Amino acid sequence: ESSPHLPAPKDVMIYSYNFRSLLRWSPVKVDGGLVLYTVHFKTGAFNQWDEMNCTRIAQTECSFPWSLKERRWTVVLRVRAELGQATSDWVETDPFVAERNTTIGPPKVNSVVVSSDSLLISVIPPFGSEVGDCLQYHMSYWENATSTTKKETKTSNTLFKIGNLKELTLYCFRIQVELVTLLDLPLLGLQSDPKCYRTEIS
């Protein structure tokens, strides 16, 4: 005879930031015990469900294991609730490809060297790059007094210079990363918060 049924987990979503990915869902609440969860995965290459490192766990999230670190793989996950012999239906995610579906955070500003007419900016990329990656840094900058007119510049170096600036003037900039890969559409990251520096006197 079939085992009694539990409600299935809801709000099942893959969250991915800088290629660190995890599955999250809302807790299933029932009277009479602690509900546990089991997560499986399959890839586009093998149409077969495998266990992840999340079998009968109490948490409502499960990080991707190292075996799923390939960014170009298509991955589908599923999760179900379990309580004693009772289980819920499986809930599947949409297909997930990290290279298309991750959110890229802003680069970290490492240092800024200020002179009278330029800012020399050094950044650290938001994630470790792989073979074939090309990272482009998009920077917009503006004079703080006239913040409506922004200038844009684009570079693949982690050290770049904004030149032709006025002395003793406050300039602000924001940076975002664009990941250009061999196969796919470019992926544009989130913008950094504005950072502002006053140029020196010559």
Side-chain angles (χ1 to χ4, degrees), residues 9-26 39-47 49-50 52-54 60-79 91-112 119-142 147-162 171-196:
K10 288 193 165 67
D11 309 315
V12 178
M13 288 280 294
I14 294 174
Y15 290 85
S16 184
Y17 188 77
N18 289 338
F19 297 105
R20 284 197 198 84
S21 307
L22 52 82
L23 183 71
R24 282 190 183 143
W25 56 91
S26 296
V39 180
H40 289 172
F41 75 91
K42 67 179 178 183
T43 62
F46 295 100
N47 194 17
W49 292 105
D50 272 315
M52 277 185 40
N53 46 359
C54 300
T60 54
E61 64 176 52
C62 174
S63 295
F64 280 34
W66 276 104
S67 57
L68 292 183
K69 286 291 186 254
E70 287 293 330
R71 297 181 189 166
R72 296 194 178 115
W73 283 3
T74 301
V75 182
V76 177
L77 275 60
R78 69 179 185 179
V79 59
V91 181
E92 284 186 26
T93 66
D94 290 332
F96 170 82
V97 181
E99 203 169 74
R100 276 203 292 265
N101 303 125
T102 197
T103 299
I104 295 180
K108 186 165 172 265
V109 175
N110 191 26
S111 65
V112 178
L119 299 177
L120 185 65
I121 300 160
S122 158
V123 297
I124 300 170
F127 55 87
S129 61
E130 293 187 353
V131 177
D133 285 356
C134 168
L135 285 182
Q136 295 272 358
Y137 296 93
H138 294 249
M139 172 176 285
S140 56
Y141 62 98
W142 60 95
S147 58
T148 47
T149 47
K150 289 188 177 179
K151 293 186 178 166
E152 304 269 337
T153 175
K154 189 162 115 169
T155 175
S156 55
N157 292 329
T158 54
L159 183 67
F160 39 86
K161 187 175 188 171
I162 305 177
Y171 286 91
C172 300
F173 64 84
R174 302 177 77 139
I175 315 173
Q176 64 192 133
V177 171
E178 181 182 27
L179 172 64
V180 184
T181 57
L182 294 170
L183 296 178
D184 226 313
L185 299 166
L187 193 61
L188 198 58
L190 302 174
Q191 278 198 329
S192 66
D193 292 329
K195 289 195 180 300
C196 302

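Quick caveat: nothing in here was measured; it's all calculated off a predicted structure.
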Output, in order, the C-alpha distance, side-chain angles, deciding distance and verdict of side-chain contact (heavy atoms from CB on, under 4.5 Å) for Thr43 and Leu68. CA-CA 9 Å; Thr43 62; Leu68 292 183; 4.1 Å; yes
Run the numbers on Met139 and Val123 for side-chain contact (heavy atoms from CB on, under 4.5 Å), then give the verdict. CA-CA 11 Å; Met139 172 176 285; Val123 297; 6.0 Å; no
Please determine whether ring-ring contact (aromatic ring centres under 6.0 Å, His included) holds for the pair Phe96 and Phe64, giving the CA-CA distance in whole Å, both sets of side-chain angles, and the decisive distance to 0.1 Å. CA-CA 12 Å; Phe96 170 82; Phe64 280 34; 5.7 Å; yes
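The side-chain heavy atoms of Ile175 and Pro106, taken from C-beta on, include no pair separated by under 4.5 Å. The side-chain heavy atoms of Leu135 and Leu179, taken from C-beta on, include a pair separated by under 4.5 Å. Residues Glu99 and Leu187 have side chains not in contact (no heavy-atom distance under 4.5 Å, counting atoms from C-beta outward). Contact annotation: the side chain of Ser140 never approaches that of His138 to less than 4.5 Å [non-hydrogen atoms, C-beta and beyond]. Contact check for Cys62 versus Asn53: side-chain heavy atoms found under the 4.5 Å cut-off. No side-chain heavy atom of Leu23 sits under 4.5 Å from any side-chain heavy atom of Phe41. Looking at Lys195 and Ile121, their side chains never come closer than 4.5 Å, going by heavy atoms from C-beta outward.
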Cut-off 3.5 Å, no hydrogens considered: what does the side-chain donor-acceptor table look like for residues 12-22, sequence neighbours left out?
unit_1	atom_1	unit_2	atom_2	d
Ser16	OG	Ser21	OG	2.8
Ser16	OG	Thr102	OG1	2.7
Asn18	OD1	Gly105	N	2.8
Asn18	ND2	Pro126	O	3.4

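Val180 and Pro186 get closest at one heavy-atom pair: CG2-CB, 4.3 Å. In plain terms, the two heavy atoms of Val39 and Trp25 that are nearest each other are CG2-CH2, 3.7 Å. Of all the heavy atoms in Asn101 and Pro95, the pair that sits closest is OD1-O, 4.2 Å. Closest non-hydrogen pair, Arg71 versus Gly128, comes out as NH2-O, 3.1 Å.
Atom CZ of Phe173 is separated from atom CG of Asp193 by 11.0 Å, given to the nearest 0.5 angstrom. Within the model, atoms CD of Glu152 and CZ of Arg174 stand 11.0 Å from one another, a figure rounded to the nearest 0.5 Å. Taking CG of Asp50 as the reference point, atom CG of Leu77 lies at 11.0 Å (rounded to 0.5 Å). If you take CD on Glu92 and CG on Asp94, they are separated by 9.5 Å, rounding to the nearest 0.5 Å. Note that SG of Cys196 is 10.0 Å distant from CG of Leu119, once rounded to the nearest 0.5 Å. Between Arg78 atom CZ and Lys42 atom NZ the span is 8.0 Å, to the nearest 0.5 Å.
Using cut-offs of 30° and 60° on the angle between ring planes, the pair His40 and Trp49 is tilted.
Open room surrounds NZ on Lys161; 12 or fewer heavy atoms of other groups in view lie less than 6.0 Å from it.
Applying the side chain to side chain donor-acceptor pair (under 3.5 Å) definition to pairs two or more places apart or across chains, those involving residues 61-70 are Arg24-Glu61.
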